[in-house]
Number of protein chains: 2
Amino acid sequence: MTYRAPVKDMLFAMKELANIDAVAQLPGFEDAGLDTAQAVLEECAKLNEDVVAPLNWEGDINPSFFKDGKVTATPGFKEAFDQYTQGGWQGLHHPTDFGGQGLPKLIHAACQEMVNAANMSFALCPLLTDGAIEALLTAGSEEQKAAFIPKMIDGTWTGTMNLTEPQAGSDLAAVRTRAEPQPDGTYKIFGTKIFITWGEHDMAENLVHLVLARVVGAPEGVKGISLFIVPKFLVNADGSLGARNDVHCVSIEHKMGIKASPTAVLQYGDNGGAIGYLVGQENRGLEYMFVMMNAARYGVGIQGLAIADRAYQRAVAYARDRVQSRPVDGSLPAAAPIIHHPDVRRMLMTMRAFTEGCRAMALVGGAAYDAAHHHPDADVRKQNQTFYEFLVPLIKGYSTEMSLEVTSLGVQVHGGMGFIEETGAAQHYRDAKILTIYEGTTAIQANDLIGRKTARDGGQAAKAIAGQIEATEQALAARSSEAAQAFAKRLGAARRAFIDVVDFVAGQTKASPNAVFAGSVNYLMLAGNLVAGWQMGRALLVAEDRLAEGEDAAFMQAKITTARFYGDHILTRVPGLRDSIVEGAAGVTDMALEAF
Amino acid sequence: MTYRAPVKDMLFAMKELANIDAVAQLPGFEDAGLDTAQAVLEECAKLNEDVVAPLNWEGDINPSFFKDGKVTATPGFKEAFDQYTQGGWQGLHHPTDFGGQGLPKLIHAACQEMVNAANMSFALCPLLTDGAIEALLTAGSEEQKAAFIPKMIDGTWTGTMNLTEPQAGSDLAAVRTRAEPQPDGTYKIFGTKIFITWGEHDMAENLVHLVLARVVGAPEGVKGISLFIVPKFLVNADGSLGARNDVHCVSIEHKMGIKASPTAVLQYGDNGGAIGYLVGQENRGLEYMFVMMNAARYGVGIQGLAIADRAYQRAVAYARDRVQSRPVDGSLPAAAPIIHHPDVRRMLMTMRAFTEGCRAMALVGGAAYDAAHHHPDADVRKQNQTFYEFLVPLIKGYSTEMSLEVTSLGVQVHGGMGFIEETGAAQHYRDAKILTIYEGTTAIQANDLIGRKTARDGGQAAKAIAGQIEATEQALAARSSEAAQAFAKRLGAARRAFIDVVDFVAGQTKASPNAVFAGSVNYLMLAGNLVAGWQMGRALLVAEDRLAEGEDAAFMQAKITTARFYGDHILTRVPGLRDSIVEGAAGVTDMALEAF
């Protein structure tokens, strides 16, 4: 089953929802309008459909493997990676100064979806390299940028993020990896890092590890953490590779999914100390790492909708092909392809509506990021930054949680065949489960949403979004169509529930933290559901207009139906979540610890 | 991590919700009261905790394997199976005439939960044998019963169910396996059966395949299907094993989960025809098979809550052990076990509330089955049969769907460790996914609920249950406690939503089948949620009484909190489902087939 990149839906969302025309008016993005996007997306689709996607199943049955400190990637991965980087895809949204293409995040996001839908294990390598590049762009010295970024963009080297240690997962305050300052200005790094994605492999000449460590004598907790570059091979002044650094992969994990992506345990300093270079200032490591993490969190959200789309496409193909039972309405005289059965359609629509809603949310977020970084007006930048920051936990948290439901439905559509590995649906189900965990679990995203994004400003950013949603609601209510009317009702109920919850969170976080945090993930799911649904409501409005104008009737009609489905089947979950959050804390907080 | 059978909660549900005292008044069950139940459950717990549970992970890493037509079970399984059958567990609820213990289904259900929680792959072998025994008890001749049942009960032989063929999964009308009548009254069977659980193995001397096939010249469709016994080895008149029959395992599947349970492709008649013995009358096979299937569907529902409980126990153990981050309320000065964090508690409570609710629903259903089969009064039997039949699709459909959510949360509680196979949480997640598929997918259960259980009697059985729920609601509303008041509100909202949906289904199934069936699975989820929630409401009432009487305060308080959680976090999903069902068909039915 081949992957087909959803270029048309991506361009629709870019043009009609994320307003790519406005992005193309930002300084530096003058050439990045819809035509460019279309050309880039079509090119990207080719590579991912033809080269990357066919390796997905291969990666599952022939995972990367570890032997004697070395990791060998799945056969074919290195060649695909070479094509990927040589095609300029690693540098798509990075600065032209360092060999990148300098395109907006909006366009990059769509390309990122494609490579992840094609092959999530594969895509993780560029994703982590992106994070490393972002961190160096933010905090690296000019020498560091010049030495490392171009080679990461051209694929000669790749990057990693080294945060987790056995005792320090969600809680980075517990990081113990030690950095000892040396007379020459470098540091010697000692410690163990785990869960390092693509932390060792044979697809690139060198690996650039970005490592959180604590300089000897630094304060306890998160305020004593610094960020270091620790290359696998030291780099000579002329850019050539020098000595092997004292960082070694001691094992990789045996995981439920993304098996082709090696998850390494890295040992630093067992032979005298790994040489590391401080990035930025001492003790500000976490701040820099958050730059990487925010880029990576957005990227993981994209992974969620990407794998959802792949699962959807696979399920549709099977449902068209598999013949079983007569339609329940008697409309056909014999057994029919199961896509005729209402519940199969319901499952497919659930998958599709979730995916399209999350795609729209992510692309709207991508455009906000672009405006936040490139708009000439500081107020507009700030406004967009606030909006983007509110969206990141939703894009990460909601899109990945929904991907669990979607990939489960993907298996379900296949019936018994779905449980057989060779069918391929099960791989998506297994792969997706990491998405709600890494780069901050859903609960960590939810804490971010509650703490930094809602309670801190007393719910202002949230209320501003609710105001925009209300405008969409009014536009829908003003329409005469049944679909728009129905959607307006759902959106209104969901928005009012959201406001209740925001008031609860803003009002109670200090006084009753346990009660508020008991509802944190439900709040995230509610807000994600609403914001993605809002985009579907906007899409419905546009699609009705385009339909009236005679543009692409089949696409627009499908968009209207998908939006309506989202309203009646997904937005309808929101009021119940409100009740759980605002009135449901006792069931969580009253339980005696011993009683579990 | 060891499994601990939840004997206390089982006995609570048996005594207080399923009314085991009434079961013990049924003819033949005079000795099957609470004391017997307790003794049996404690004995059963020992075997499953000590012998069966430790083999669960072993089965995953060392699955049954196929070579040269033979299947070798996971090391240790045969010895455990011998202990299981020699302990009398296979015959627990089967008639004493054939070597069984003759205990009620109510007690058997709890034991079934234990073996499935301990090791689902292992438990499938007795589960399928149970189904075969039930079918023979219903439709077999006296000679067939005498020849086969005692040896299946004592574990010398095991049973299988052969329904599925490549073109006939959910749609049994498409069965093509052929039966040719022979002059001696036997039949020769030809065809291919797939997905045959424990269809070949080395744990028993013989396998008794119950096979659906079509006698040459029989009508098309489901009315031309007959049921046959096809033993792996023919059985001589003296009961000894005779010639090898012409049924052969040609492969087993490579599955996402339940890897220790061999899923066989069986080839019948490649060497002249497999000898089969007709069970009952020709062309009534599907009717008999439904007896097996109903027993098996109930059993699969039990599997759902069993694996949910296992996942819950594992997650609790990890959450008590894993130290990470300070509590958000500042109640501890340093990082704490994650069970202190509100969202971890919310996840654990979700797992627990689902499991306890589904356990109560299943045990109440088990008691209804016992009354339906053993009560002296025909009206009472009929009433209980109707109730039981309404419950079977809920027990199967809802308990298995919830197990997907629970096992996913089980992984999530573990964070990154959950994705590492050695942790064990991932196995439950992978294993559980089969449960919503086999013995009739969730959609097949939902069709049963809509067609045979709701539309056919115009919603009468459903309304009768709603009436009983209303009585519970009134009892809750009459209490002064906050927990009871809160629960009454949720239960009332859910019951009213249920009635709306029942009216919609009863009124529209004929006129608008597509619209009704578009909501079929949502209706099943709504009804299962409500009926399990109703049991939690009843449990809350009892627990308050027992608490007032001074009985086991910790247990009763935990039950009250768990019930309250169910009300505020799970029953709250019901009104939204109502909206999707009653008002959401357009989003499913309007989509053009080509647009998917």
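Naming: A, B, ... by sequence-line order, numbering from 1 per chain. The analysis underlying the following values was restricted to heavy atoms, covering all of them including side chains, and did not include hydrogens, waters or symmetry mates. Source: prediction; values computed, not measured.
Contacts between A:Glu482 and chain B at a heavy-atom distance below 4.5 Å are absent for every atom of the residue. For chain B, the nearby part of A:Gln167 is the backbone; its heavy atoms alone come within less than 4.5 Å. The contact between B:Glu594 and chain A is made entirely by backbone atoms, counting heavy-atom distances below 4.5 Å. The contact between A:Lys489 and chain B is made entirely by side chain atoms (from C-beta outward), counting heavy-atom distances below 4.5 Å. Heavy atoms closer than 4.5 Å to chain A are found in both the backbone and the side chain of B:Thr442. Neither the backbone nor the side chain of B:Ile570 comes within contact range of chain A; no heavy atom of the residue lies under 4.5 Å from a heavy atom of that chain. Residue B:Ala174: no heavy atom, backbone or side chain, is found under 4.5 Å from chain A. When heavy atoms are compared at a cutoff of 4.5 Å, B:Arg578 does not approach chain A at all. With a 4.5 angstrom heavy-atom cutoff, A:Arg430 touches chain B via backbone and side-chain atoms both. Contact annotation for B:Ser325: both backbone and side-chain heavy atoms come within less than 4.5 Å of a heavy atom of chain A. Proximity to chain B (any heavy atom under 4.5 Å) is shown, for A:Val328, by both the backbone and the side chain. Contacts between B:Met417 and chain A at a heavy-atom distance below 4.5 Å involve backbone atoms as well as side-chain atoms. At a 4.5 Å heavy-atom cutoff, the contact between A:Ala443 and chain B is made by backbone and side-chain atoms alike. Looking at A:Asp60, there are no atoms closer than 4.5 Å to chain B (heavy atoms on both sides), in backbone or side chain. For B:Ala335, the part sitting under 4.5 Å from any heavy atom of chain A is the side chain, from C-beta outward, and nothing else.
At least one side-chain heavy atom of B:Thr562 sits less than 4.5 Å from a side-chain heavy atom of A:Met591. In this structure, A:Phe419 and B:Ile258 have side chains that are in contact, with non-hydrogen atoms separated by less than 4.5 Å. Looking at heavy atoms from C-beta onward, B:Arg573 lies out of side-chain contact with A:Arg573 at the 4.5 angstrom threshold. At a threshold of 4.5 Å between non-hydrogen side-chain atoms, the residues A:Ser580 and B:Asp568 do not count as touching. Using a 4.5 Å heavy-atom cutoff, the side chains of A:Met256 and B:Met256 are not in contact. Under the 4.5 Å side-chain criterion, counting only non-hydrogen atoms from C-beta, A:Tyr312 is in contact with B:Phe596. Between A:Gln557 and B:Asp590 the shortest side-chain heavy-atom distance does not fall below 4.5 Å. By the 4.5 Å heavy-atom criterion applied to side chains, A:Arg346 and B:Val521 are counted as neighbours.
In this structure a side-chain-to-backbone donor-acceptor pair under 3.5 Å is present from A:His569 to B:Gly584. The main-chain N or O of A:Val588 is found under 3.5 Å from a side-chain atom of B:Arg345 such that the two form a donor-acceptor pair.
Options B:Gly416, B:Ser520, B:Ala554, B:Pro327 differ in how many heavy-atom pairs under 4.5 Å they form with chain A, and the most are formed by B:Gly416.
Note that the OG atom of B:Ser331 and the CG atom of A:Asn514 stand 6.5 Å from one another [nearest 0.5 Å]. We find the CD-CG distance between B:Gln324 and A:Leu172 to be 8.5 Å, quoted to the nearest 0.5 Å. Taking CD1 of A:Ile339 as the start and CG of B:Leu593 as the end, the distance is 5.5 Å to the nearest 0.5 Å. Interatomic distance, B:Leu524 CG to A:Asp343 CG, rounded to the nearest 0.5 Å: 10.0 Å.
In summary, the side chains of B:Thr436 and A:Gln412 do present a donor paired with an acceptor at a separation below 3.5 Å, with no hydrogens or angles considered.
Heavy-atom minimum distance, A:Ala518 versus B:Pro342: N-CB, 3.5 Å. The nearest pair of heavy atoms linking A:Ala586 to B:Thr561 is O-CG2, 4.2 Å. In terms of heavy atoms, A:Gly169 sits closest to B:Arg322 at N-NH2, 3.8 Å.
Side-chain rings of A:Tyr429 and B:Tyr429 approach one another, their centers coming within less than 6.0 Å.
A:Asp171 and B:Arg326 are not joined by a salt bridge, as no carboxylate oxygen comes within less than 4.0 angstrom of a charged side-chain nitrogen.
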Stepwise salt bridge (charged side-chain N to carboxylate O under 4.0 Å, His left out) check, A:Lys259 with B:Glu421: CA-CA 11 Å; A:Lys259 296 186 182 186; B:Glu421 286 289 2; 5.7 Å; no
